[in-house]
Amino acid sequence: MLLRNLFIFIYLACTAFLFGSFEATIELWLSFFGNAVLLTFIAHYHIFLEKRYSPFLSTYIVFSYLFFLVAPIIQAGELAPLENGTFEHMFPYKEAIFIKTNGLIAIFHTVFFLFYIALKDYIKKKVVKSSSVNGMQTSKILRTTTILIFLSVIVLIVSFPFLLDELARPEYLKSTYTPGYQLIQKKILFVLPLGGIVLINYLFDSKRLSTASWLLAGISLVLLFILLFVFKNPWVEKRNALGPIYFLLIFLFYPKLLNTNVKMSLVFFVVMIVFFPLAQILTHSDYGIGEMIQNPKLFSNVIDKGAMSKGFMSLNYDAFANIGVVIEIVEHRGLFWGEQLLSALLFFIPRGLWAGKPDSSGLIVGDYLIDEYDYYFANLSNPVVSEGYMNFGYLGVVLMAIALAISIVYFMTWMASTDILKRATAFYFAVHLLFLLRGDFTNGYSYFVGTFIGLYLVPKIILLVSRTILDNHIWVQKKV
């Protein structure tokens with residue numbers, strides 16, 4: 001109860017400060033406040049009423065709070081007083097579009113939550129198969145992890161030029177490798193060690209290892225961690241891809257930190273809503289951290305100079321604004337009627353085979369800003385809210401909310417499974433939602449499918465083949 005009260009206190013205190021300092025017209029203020037009430041209701045249900053563990057809803061709440069309340073309120077406070085205020089990507093601030101954007105988000109929140117509640121009964125009806133750890137399973141898992149280590153070493157040797165290129169390439173510079181090649185390398189092959197770590201962690205949790213098996217498992221775990229860090233580190237991979245992996249490792253090896261709804265929500269809220277903005281203040285400060293500690297008044301001086309607001313004006317927090325861009329695109333060009341979604345659902349078909357393959361929604365948003373507002377960079381974010389609106393209007397917002405609720409409830413059945421690979425994949429998806437919700441959908445969807453193959457499907461296939469070979473060997477021995 002203490003953690004629950006602490007979370008709700010921090011949540012309400014931040015919300016009160018946010019709206020108390022928000023100077024806007026009554027229409028705009030109320031449009032944001034209405035969404036804040038909706039989100040607070042969802043948060044209250046999640047923290048105080050929901051019995052089942054759902055890190056998915058924790059992520060949804062924190063994402064919506066940061067990208068649909070904190071960031072746009074600060075942006076509106078900065079741009080509204082200006083005569084011709086524009087975002088970093090040159091899109092002009094328009095209050096009417098902000099209010100309509102809040103309307104779309106309110107529809108999405110309402111539909112998503114209602115379907116989330118209604119569909120949760122499916123979990124109760126889902127039969128969860130039990131499993132136990134025995135000597136044969138231990139040896140099978142050890143063989144599987146050995147194969148994964150062997151495959152990862154081969155990947156390291158073959159992909160070494162690609163790794164060097166990623167290390168040397170600045171983030172803003174486009175890679176010389178095709179998107180399909182990058183997807184296979186970074187989201188499938190580079191994830192193989194993570195699947196092995198999940199299996200080894202399962203063995204250690206079982207506490208039924210012999211001394212020899214424990215030693216082999218320990219050596220395998222060290223090798224897998226080394227390989228994973230080579231493949232997945234801040235110099236090779238983007239932060240939004242590292243977050244789900246590192247949070248999954250915490251979930252595996254220190255589950256007490258994240259194993260309840262309030263713990264997951266509190267950690268995410270502190271990291272995303274408190275820690276990152278404070279880091280931005282330090283980044284934009286003229287003073288060193290030592291000076292601020294010695295003289296706390298300097299900290300308030302930094303805030304007064306707008307260091308925090310400058311951070312929220314960056315493209316890292318463009319999700320809300322880009323919904324407005326999509327609203328304008330639809331006003332000028334009409335709805336896409338699902339054609340654009342094909343680029344996401346059929347992402348695995350290369351453009352060389354499909355010349356008329358639609359662009360991703362983020363690229364459409366970027367190209368529109370380039371054409372209409374002389375911006376210089378394409379391929380921006382596009383939240384699932386505007387992804388639905390772009391394709392089917394208000395109906396699309398409803399459909400995307402329903403699709404998200406169905407996906408989350410389905411993966412909640414995986415969280416309830418005794419299959420550790422299913423549970424690990426489900427938790428990864430829960431954290432990946434931060435990226436998926438921000439969009440665009442093509443990248444968020446394809447990146448998760450790639451990780452699903454490397455984290456779940458490949459280890460499952462190896463386990464299945466290993467079991468089949470072992471069963472055939474036992475059958476032959478019995479026949480002899």
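Side chains are part of it too, since the values below use all heavy atoms of this structure and drop only hydrogens, waters and symmetry mates.
Formation of a donor-acceptor pair under 3.5 Å by the Asp318 side chain with backbone atoms of Ala321 is not found in this model. Between the Asp440 side chain and the Leu380 main chain, no donor and acceptor come within less than 3.5 Å of each other. Thr59 places a side-chain N or O within donor-acceptor distance of the main-chain N or O of Pro55, the cut-off being under 3.5 Å. The backbone N or O of Ile99 sits nowhere less than 3.5 Å from a side-chain atom of Asn102 that would complete a donor-acceptor pair. When atom types are taken as modelled, the side chain of Lys186 and the backbone of Val236 share a donor-acceptor pair closer than 3.5 angstrom. Judged purely by atom type and a 3.5 angstrom limit, Asn391 uses its side chain to pair as donor or acceptor with the backbone of Gly338. In this structure, Ser265 contributes its side chain and Val262 its backbone to no donor-acceptor pair below 3.5 Å. At distances below 3.5 Å, at least one donor-acceptor pair connects side-chain atoms of Ser446 with backbone N or O atoms of Asn443. Listed for the Asn201 side chain is no donor-acceptor partner under 3.5 Å among the backbone atoms of Ile197. Side-chain atoms of Lys232 never come within 3.5 Å of backbone atoms of Ile245 as a donor-acceptor pair (strictly under, hydrogens ignored).
A 4.5 Å side-chain heavy-atom check between Phe231 and Leu163 finds at least one atom pair inside the cut-off. Within the 4.5 Å cutoff, the side chain of Pro92 has no heavy atoms near those of the Asn84 side chain. Annotation: side chain of Ser361 is not in contact with side chain of Phe336 (no heavy-atom distance under 4.5 Å). Contact of the Gln182 side chain with the Phe162 side chain is registered, since non-hydrogen atoms from C-beta on lie closer than 4.5 Å. Taking 4.5 Å as the limit, every side-chain heavy atom of Val449 sits out of range of all side-chain heavy atoms of Phe348. You'll find the side chain of Tyr428 reaches within 4.5 Å of the side chain of Phe448, heavy atoms only. Two residues are said to be in side-chain contact when any heavy atoms from C-beta on lie closer than 4.5 Å; Pro244 and Phe435 fail this criterion. A heavy-atom distance below 4.5 Å is not found between the side chains of Thr451 and Leu194.
Phe247 has its ring centre less than 6.0 Å from the ring centre of Phe268. Separation of the Tyr65 and Phe7 ring centroids does not fall under the 6.0 Å cut-off. Here the two rings, on Tyr93 and Phe98, have centers that are under 6.0 Å apart. For Phe63 and Phe68, the ring centers are positioned less than 6.0 Å apart. Taking the six-membered ring for Trp and the full ring otherwise, the centers of Tyr317 and Phe67 sit less than 6.0 Å from each other.
Atoms CD and CZ, from Gln340 and Phe392 in turn, are 10.0 Å apart once rounded to the nearest 0.5 Å. Once rounded to the nearest 0.5 Å, the distance linking OH of Tyr53 with CZ of Phe427 reads 4.5 Å. Separating the CG atom in Leu341 from the CG atom in Leu346 is a distance of 10.5 Å, to the nearest 0.5 Å. Distance check, rounded to the nearest 0.5 Å: CG of Leu12 to NE2 of His44 gives 10.0 Å. Here Phe113 contributes atom CZ and Leu39 contributes atom CG; the two are 10.5 Å apart, rounded to the nearest 0.5 Å. Atoms CG and CD1, on Leu28 and Ile73 in that order, are 8.0 Å from each other to the nearest 0.5 Å.
Scanning all heavy atoms of the two residues, the minimum distance from Pro234 to Tyr246 falls at CD-OH, 4.5 Å. Of all the heavy atoms in Ser417 and Asp419, the pair that sits closest is OG-N, 2.9 Å. Residues Val230 and Asn233 approach most closely at O-ND2, 3.0 Å, considering heavy atoms. Nearest heavy-atom pair across Val111 and Val398 is CG1-O, 3.8 Å. Across every non-hydrogen atom of Arg438 and Ala319, the tightest pair is CG-CB, 4.3 Å. Shown here for Ser343 and Lys357, the closest heavy-atom pair between the two residues is O-CE, 4.0 Å.
Within a 6.0 Å radius of CD in Glu331, more than 12 heavy atoms belonging to other residues, nucleotides or ligands are found. Other residues, nucleotides and ligands contribute only 12 or fewer heavy atoms inside 6.0 Å of the CZ atom of Phe115. A 6.0 Å sphere centred on CD of Glu372 holds more than 12 heavy atoms belonging to other residues, nucleotides or ligands. Other residues, nucleotides and ligands contribute only 12 or fewer heavy atoms inside 6.0 Å of the CZ atom of Phe33. Applying the 6.0 Å contact sphere to CZ of Phe41 captures no more than 12 heavy atoms from other residues, nucleotides or ligands.
Below 30°, between 30° and 60°, or above 60°: for Phe22 and Phe19 the angle between ring planes is above 60°, a perpendicular geometry. Classification of the Tyr177-Tyr181 ring pair by plane angle, with boundaries at 30° and 60°, yields parallel. Between Tyr60 and His109, the angle of the ring planes goes over 60°, which puts this pair in the perpendicular group of the 30/60° scheme. Taking the six-membered ring where tryptophan is involved, the planes of Phe269 and Tyr11 are tilted, since the angle between them lies from 30° to 60°. Under the 30°/60° scheme for interplanar angles, the aromatic rings of Phe452 and Trp414 are found to be tilted.
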Worked check of side chain to side chain contact (heavy atoms under 4.5 Å, CB included) between Arg351 and Asp359: CA-CA 10 Å; Arg351 293 188 180 275; Asp359 290 329; 3.5 Å; yes
Lys100 vs Ile323, side chain to side chain contact (heavy atoms under 4.5 Å, CB included): CA-CA, chis, key distance, verdict: CA-CA 9 Å; Lys100 184 172 182 178; Ile323 298 177; over 6 Å; no
Chi angles and distances behind the side chain to side chain contact (heavy atoms under 4.5 Å, CB included) call for Leu3, Thr260: CA-CA 10 Å; Leu3 279 180; Thr260 65; 5.7 Å; no
Test ring-ring contact (aromatic ring centres under 6.0 Å, His included) applied to Tyr410 and Phe429, step by step: CA-CA 11 Å; Tyr410 176 75; Phe429 177 75; 9.5 Å; no
Verdict with supporting geometry, Leu57 and Ile408, side chain to side chain contact (heavy atoms under 4.5 Å, CB included): CA-CA 8 Å; Leu57 197 56; Ile408 286 178; 6.0 Å; no
Criterion salt bridge (charged side-chain N to carboxylate O under 4.0 Å, His left out) on Glu237 and Lys187, from CA distance to verdict: CA-CA 10 Å; Glu237 188 64 273; Lys187 306 304 176 185; 3.5 Å; yes
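Applying the side-chain hydrogen bond (donor to acceptor under 3.5 Å, both in side chains) test to pairs two or more places apart or on separate chains, those with a residue in residues 247-259 are Asn259-Lys263.
A donor-acceptor pair shorter than 3.5 Å cannot be found between the side chains of Thr86 and Tyr373.
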